[in-house]
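For reference, the structure discussed in these notes is given below.
The first residue in the sequence is number 1, and the count goes up from there.
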Amino acid sequence: MRRDTGSYVHHRATLYALLWLFAVSEFGLTSYHIFHTNTSGGFYDPIAVELLFTALITLLWIPYTVFFHHRPMAAFSAGNNTLKSTRVGARAGFSLLQGESYLKYVLSIMWPVGALVATSSLQTPLEKEGLILLAIVAFAWIPYGLLMLAIELEFFDALGHVHAGPVNHTKDYMAYVGLM
């Protein structure tokens, strides 16, 4: 018996809303840091630019992803999880989770790399600028944790879609998220 196709969709959408809020915070903090260091010292930290770029990509990706998550499930065919209507992506057979998955995995690499480099390279003296740097580092780790939770929920959702009988869970999961 097939389970409900939207079992963890709303949970992931909530995680993405939180991720968007933290990406806005990271975007604002890194923008301020780049502006402050560029005007006062004539330089900027390259890692701050990388975190700014990662936050910007996250800010643009999340509304797109949540838009496709909150489509009514009746708009998707039961067999292959593609849009039936003529809305965006329907002509190409857009999969519900395909656009979510690819960029999510890229971001799940970009956030911890930026956070690791920022943790090791940014100096944090005990003054206003040091507190901004500390907040930048702290807000760089939170999106990574939220993305990992979303990946786990996506995996659980894929396991919930596995039909009865002998199956290869890895192959079914990869086919479900559009990697095969």
Can you tell me how far [atom2] of [Y] sits from [atom1] of [X], rounded to the nearest 0.5 angstrom?
{"X": "I47", "Y": "L133", "atom1": "CD1", "atom2": "CG", "value": "12.0 Å"}
{"X": "H33", "Y": "N38", "atom1": "NE2", "atom2": "CG", "value": "10.5 Å"}
{"X": "I151", "Y": "L146", "atom1": "CD1", "atom2": "CG", "value": "11.5 Å"}
{"X": "L19", "Y": "L147", "atom1": "CG", "atom2": "CG", "value": "5.0 Å"}

Of all pairs that satisfy side-chain hydrogen bond (donor to acceptor under 3.5 Å, both in side chains), the ones with a partner from residues 51-60, not counting sequence neighbours
E50-T54, T58-W111
Linked, directly or transitively: M148 and I62 (ILVMFWY side chains, under 4.5 Å):
yes
With clusters defined by side-chain heavy atoms of hydrophobic residues (ILVMFWY) lying less than 4.5 Å apart, directly or transitively, does L18 cluster with L60?
yes
Enumerate, atom names and distances included, each donor-acceptor pair closer than 3.5 Å involving a side-chain atom of residues 113-122, sequence neighbours excluded.
from	atom 1	to	atom 2	distance (Å)
T119	OG1	A115	O	2.6
T119	OG1	W141	NE1	3.1
S120	OG	L116	O	3.2
S120	OG	V117	O	3.2
S121	OG	V117	O	2.7

Under 3.5 Å, which donor-acceptor pairs link side chains of residues 20-31 to any protein atom two or more places apart or in another chain?
from	atom 1	to	atom 2	distance (Å)
S25	OG	L21	O	3.1
E26	OE1	A140	N	3.3
T30	OG1	E26	O	2.7
T30	OG1	F27	O	3.2
S31	OG	F27	O	2.7

Qualifying ring-ring contact (aromatic ring centres under 6.0 Å, His included) pairs, either residue in residues 36-58, two or more places apart
Y32-H36
